[in-house]
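Down below is the structure, laid out as structure tokens.
A, B, ... follow the sequence lines: proteins, then strands. Residue 1 opens every chain. Note: hydrogens, waters and symmetry copies are ignored here, and every other heavy atom, side chains too, is used.
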Number of protein chains: 2
Amino acid sequence: MTQTDTKTRILDCAEQMFARAGFHSTSLRKLTQLADANLASVNYHFGSKEALLQAVIERRLLPLNKIRHKKIEEIITQAREQERPPAAADLLQAFVVPTLEFRNSSPGAQDFIALIGRSLSEPDETVRHCFLSLALPIFQFLFEGLRQALPQIPAAILLARLQFIMGTMSHVMCMGNLNAFQKPDFPEALEQNVLMDQMLKFIQAGLEAPL
Amino acid sequence: MTQTDTKTRILDCAEQMFARAGFHSTSLRKLTQLADANLASVNYHFGSKEALLQAVIERRLLPLNKIRHKKIEEIITQAREQERPPAAADLLQAFVVPTLEFRNSSPGAQDFIALIGRSLSEPDETVRHCFLSLALPIFQFLFEGLRQALPQIPAAILLARLQFIMGTMSHVMCMGNLNAFQKPDFPEALEQNVLMDQMLKFIQAGLEAPL
DNA sequence: AGTTGTTTTAAACAGGTGTTTAAATAAACA
DNA sequence: TGTTTATTTAAACACCTGTTTAAAACAACT
């Protein structure tokens, strides 16, 4: 087989189009045309448009979540061995850095990160639920780690701060370095690495803000 | 006239449905049915569905932005009179607090805030551009104030931090106190006022994070 | 080569979309 | 009051949507 098979060709195009134009604004006709496949092939290979979205998200998110889980676990066990609570900054890095590395790993991954960045604030139940059901376990695991790291912060407040962090992250991830405020006299956008470094500093400071 | 006129009835329903289901997922047939108006009345009164969205956003955002502009201006002139730079925390409050007060002013306003909270990360050009064109001036004005407040922070980094803040805000504003992570053993969501207070502390700490 | 199972194809299906039209109604003003 | 403007209405327009069907093409294997 000289080229990629239909199923992954559809997955790749769906990832790109869902991320850039949105799930509902992407029609199966435009999608299959771009993927050089027949209209019916989506329903043949995936069952429905919604199931295609699920497949798009699962393909990348399951492996990514495994890495994030492992990294967080490492931080926690390492702290336990040294009989000290884990550092909040380390836990945040264990969650964020794999996401960024993954994002830079391929062009499709970048679209994917934008897609899940948007999923958190998606008005449509379909998309949001599809993403949340896969993302909840890792959020919970991170939260448990942060509880150990910052026991002086009440649980409800810590949870709120974790949500603020998710808001910042999802915003940065779907905007990328594409500056929304771009205006002639405005400073130029930061380089990708610097931007991510700044984001980490921002959310670390916010997480440990005085009560 | 015993009840509100058709035009504002359509605006009210559009605000609610655009916020809760999204712009593209809201059909004019469902919308006019809920508004107890004829299908053609949207095109008669507003010209098109897109122009209706514009009207929905303008109706609330123009007055809100006037208030925000005035509050920020007060902080700046007050600081100038005392021959000191404005405090970053004051500027942030001047921007955020009117938004929250406005949000609590009416049920429709709450939907509206969710709508513009989502607009920032909207995949569709139509919605995003419609919102951004109205919001950019106030963002710029706030940015100029923050430049005076925090001259030690390079402009590009300050701009990035302002974007992080917008990410946090827009996330909180479309989620409200509706906790996305809701799970049996998770702490209960904070009360609205407490949540907003925490958000302010979070973004203030992030804004002034060490370089 | 012939058969079996998988994949692709074009066409049709049933229903939804925003928008336009022209006639009917209501409101405003003389 | 009659006349003119503003609004409402039902119907049709042209097009797009996800999904299904049955026939065709391809693949693999005995």
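- Taking only side-chain atoms of Ala40(B), from C-beta outward, the nucleotide of dT19(D), dT9(C), dA10(D) with the closest atom is dA10(D).
- The aromatic rings of Phe141(A) and His69(A) sit parallel to each other, their planes meeting at less than 30°, with 60° as the upper class boundary.
- Atom C1' of nucleotide dT17(C) and atom NE2 of His24(A) are separated by 14 Å, given to the nearest angstrom.
- For the 3.5 Å distance criterion, the side chains of Glu58(B) and Gln54(B) qualify, holding a donor opposite an acceptor.
- Closest to the side chain of Leu28(A), from the set dT19(D), dT6(C), dT8(D), is dT19(D).
- To the nearest angstrom, P of dT7(C) lies 12 Å from CZ of Phe46(A).
- Counting any heavy atom pair closer than 4.0 Å across all strands shown, Thr26(A) reaches sugar-phosphate atoms only and no base atom.
- Distance alone, capped at 3.5 Å, is enough to place a donor-acceptor pair between the Ser106(A) side chain and the Ala109(A) backbone.
- The side chain of Asn38(B) has dT8(D) as its nearest neighbour among dT17(D), dT8(D), dT8(C).
- You won't find any donor-acceptor pair under 3.5 Å spanning the side chain of Arg29(B) and the base of dG16(C), going by distance alone.
- One interatomic measurement links the two molecules: OH of Tyr44(B) to C1' of dT9(D), which rounds to 13 Å at whole-angstrom precision.
- As a whole-Å value, the separation of Ile10(B) CD1 from dT8(D) C1' is 11 Å.
- A salt bridge links Glu15(A) to Arg60(A): at least one charged side-chain nitrogen sits closer than 4.0 Å to a carboxylate oxygen.
- Across the protein-nucleic acid pair, Asp5(A) atom CG and dT8(C) atom P stand 8 Å apart, rounded to whole Å.
- Rounded to an integer number of Å, the gap from CG of Leu39(A) to P of dC13(C) is 16 Å.
- The pair Arg118(B)-Glu122(A) does not meet the salt-bridge criterion, since no charged nitrogen lies less than 4.0 angstrom from a carboxylate oxygen.
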Working note: Asp197(A) + Lys201(A), criterion salt bridge (charged side-chain N to carboxylate O under 4.0 Å, His left out); need CA distance, chi angles, decisive distance, verdict.
CA-CA 6 Å; Asp197(A) 192 55; Lys201(A) 281 178 179 146; 3.2 Å; yes
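- Between the P atom of dA22(C) and the CG atom of Asn43(B) lies a distance of 16 Å, rounded to the nearest Å.
- For the OP1/OP2 pair of dT8(C) and a distance below 4.0 Å, the side-chain nitrogens and oxygens of His45(A) include at least one atom meeting the criterion.
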In dot-bracket form, 5' to 3', how is DNA chain C paired? Count Watson-Crick and G-U wobble pairs only if both distances fall under 3.5 Å, and write | where the partner sits on another strand.
|||.||.|||||||||||||||||.||||.
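- Phosphate proximity of dT8(D) to Thr6(B): present, with a side-chain N or O under 4.0 Å from OP1 or OP2.
- Atom CG of Leu31(A) is separated from atom P of dG18(D) by 9 Å (rounded to the nearest Å).
- You'll find that the side chain of Ser27(B) is closest to dG18(C), out of dT17(D), dG18(C), dT8(D).
- Side-chain atoms of Arg103(A) never come within 3.5 Å of backbone atoms of Pro98(A) as a donor-acceptor pair (strictly under, hydrogens ignored).
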